[in-house]
Amino acid sequence: MTDTEYAKAIKVKAMVANLEINVALTTEQQAQIGQDFIADIMELSDRNSKQKALTSMKVDVRVGGLC
C-alpha cells in the first residue's frame with residue numbers, strides 16, 4: 001500500500017465514522033464508534049508497516065541470504 005493509498009483509506013474510514021457518529025442516538029454509541037475507528041486505524045497502520053517491512057527486504061537468490 002502506497003502512502004497515498006494509506007492516506008485515502010484513513011480519510012474514508014474517518015468520513016464513515018463521522019457519518020455514524022452523526023446518526024448515533026447516545027454518547028455510548030458515539031464512544032463505541034470512536035473506539036472502533038481507532039482500532040481500524042491501528043490495524044491499517046500495522047498492516048501497512050508489515051507490508052513496508054516485507055517489501056524493503058531484498059532476497060539474494062544466488063547465495064540464499066538477505067542483502
**Spatial distance of atom CD (Q32) from atom OG1 (T26) [nearest 0.5 Å]** = 10.0 Å
**Expected output: side-chain S49 to main-chain S45 donor-acceptor under 3.5 Å** = yes
**Asked** In Å, rounded to the nearest 0.5 Å, how long is the span from CG of D46 to CD of Q51?
**Response** 12.0 Å
**Prompt:** Are Y6 and F37 co-members of a hydrophobic cluster defined by side-chain heavy atoms under 4.5 Å apart?
**Reply:** yes
**Asked** Taking Q29 for the side chain and L25 for the main chain, is one N or O donor matched with an acceptor at less than 3.5 Å?
**Response** yes
**Request:** Quick one: pull up CD1 in I41 and CG in N48 and give me the separation to the nearest 0.5 Å.
**Result:** 11.0 Å
**Asked** Only one of N18, D36, D40 clears side-chain contact (heavy atoms from CB on, under 4.5 Å) with K13; which?
**Response** D40
**Message:** For Q35, give me all partners under side chain to side chain donor-acceptor pair (under 3.5 Å), at least two apart in sequence or on another chain.
**Reply:** none
**Request:** Please round to the nearest 0.5 Å and tell me the distance separating atom CD of E20 and atom CE of M15.
**Result:** 12.0 Å
**Minimum heavy-atom distance between A17 and I33, given as atom pair plus value** = O-CG2, 3.7 Å
